[in-house]
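Here the structure is a predicted model, which is why all the values come from computation and not from measurement. If you read the sequence from its start, that first residue is 1, and numbering goes on from there. Whatever order the structure lists ligands and atoms in, that order sets their numbers, starting from 1.
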Amino acid sequence: MKIQIINGPNLNLLGVREPDVYGVASFEQYLEELKRRYPDIELSAFQSNVEGEIINKIQETGFSFNGIILNAGAYTHTSVAIHDAIKAIPTPVIEVHISNVQAREDFRRQSLIAAACRGVIAGFGLDSYRLAVEAFR
Ligand code: DQA
């Protein structure tokens with residue numbers, strides 16, 4: 001089974017960025033743990049701060065991978081183009097968030113991509129990614 005993780009803007013700063021909201025671990029550390037935990041799953045990870053590069057990665061993996069775990073960061077709340085990219089591919093996408101976006105500012109309560117996704121997992125810290133892997137298994 002092949003799963004692609006895609007992280008959007010500012011998620012390269014995990015561990016440094018607002019640690020009270022996003023925790024102190026870097027994504028690289030967490031990814032190693034995840035790979036050890038699921039040795040039978042081929043887990044790839046990609047991060048970009050650029051909307052078009054996220055769309056390119058969705059198109060590149062969306063016809064061959066078994067699942068995509070997408071944390072689109074702030075683009076979650078703004079991007080019709082990412083919504084359309086998810087609709088354009090056969091691979092199911094799970095939207096994930098580290099924080100509970102429903103419990104934060106009002107502008108984070110709307111997702112423009114959720115309706116195109118298989119489901120949404122939010123609010124469990126980095127464990128949100130593991131829960132998404134479980135949902136694909
Ligand atoms: C986030 C939540 C978004 O609202 C925010 O813009 C992020 C991270 C999360 O994982 O909790 O960058 O997607």
Side-chain angles (χ1 to χ4, degrees):
M1 161 164 264
K2 281 169 78 168
I3 295 179
Q4 176 72 49
I5 296 171
I6 302 177
N7 279 331
N10 301 308
L11 291 165
N12 54 315
L13 295 181
L14 284 177
V16 177
R17 167 195 187 200
E18 299 183 81
D20 47 320
V21 179
Y22 299 112
V24 292
S26 74
F27 192 77
E28 289 70 27
Q29 286 167 335
Y30 179 73
L31 182 64
E32 286 317 306
E33 260 174 57
L34 213 53
K35 285 181 173 171
R36 270 197 296 277
R37 193 169 179 143
Y38 299 104
D40 52 324
I41 298 178
E42 221 180 287
L43 276 170
S44 313
F46 171 82
Q47 188 278 331
S48 177
N49 294 324
V50 179
E51 188 175 18
E53 288 180 0
I54 294 165
I55 292 164
N56 285 344
K57 186 54 81 174
I58 291 170
Q59 292 186 5
E60 193 182 303
T61 54
F63 293 89
S64 54
F65 279 58
N66 303 97
I68 294 175
I69 297 171
L70 173 63
N71 185 346
Y75 288 139
T76 304
H77 317 297
T78 62
S79 182
V80 175
I82 292 177
H83 172 111
D84 287 350
I86 297 166
K87 293 281 263 196
I89 55 157
T91 296
V93 178
I94 296 179
E95 174 182 336
V96 305
H97 299 286
I98 297 162
S99 64
N100 178 357
V101 282
Q102 297 303 321
R104 299 180 63 193
E105 301 96 325
D106 278 353
F107 64 84
R108 293 187 206 277
R109 298 183 76 170
Q110 170 172 261
S111 168
L112 293 193
I113 65 174
C117 291
R118 165 77 62 90
V120 180
I121 298 170
F124 298 95
L126 284 172
D127 211 34
S128 293
Y129 293 88
R130 183 189 62 79
L131 293 168
V133 172
E134 283 294 331
F136 278 131
R137 277 173 93 213

Anything under 3.5 Å between an N or O on ligand 1 and a protein N or O? List each pair with its distance, or write none.
residue	atom	partner	partner atom	Å
ligand 1	4 (O)	His77	NE2	2.7
ligand 1	4 (O)	Arg108	NH1	2.9
ligand 1	6 (O)	Ala74	N	3.2
ligand 1	6 (O)	Arg108	NH1	3.1
ligand 1	10 (O)	Asn71	ND2	2.8
ligand 1	10 (O)	Ile98	N	2.8
ligand 1	11 (O)	Ile98	N	3.3
ligand 1	11 (O)	Ser99	N	2.8
ligand 1	11 (O)	Ser99	OG	2.6
ligand 1	12 (O)	Arg17	NH1	3.2
ligand 1	12 (O)	Arg17	NH2	3.0
ligand 1	13 (O)	Asn71	OD1	2.8
ligand 1	13 (O)	His97	ND1	2.8

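- Counting heavy atoms of neighbouring residues, nucleotides and ligands inside a 6.0 Å radius, atom NZ of Lys35 exceeds 12 of them.
- Residues meeting the salt bridge (Lys or Arg N to Asp or Glu O under 4.0 Å) test with Glu60, sequence neighbours left out: Lys57.
- Residues passing the ring pair (Phe, Tyr, Trp, His ring centres under 6.0 Å) test with Tyr30, sequence neighbours excluded: none.
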Practice problem: Run the numbers on Val96 and Leu70 for side-chain contact (heavy atoms from CB on, under 4.5 Å), then give the verdict. | Solution: CA-CA 6 Å; Val96 305; Leu70 173 63; over 6 Å; no
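- Ionic pairing of Asp127 and Arg130 is present here: one or more N-O contacts between side-chain nitrogen and carboxylate oxygen are shorter than 4.0 angstrom.
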Report, one line per pair, each donor and acceptor closer than 3.5 Å where one atom sits in a side chain of residues 36-45; sequence neighbours left out.
residue	atom	partner	partner atom	Å
Tyr38	OH	Glu134	OE2	2.6

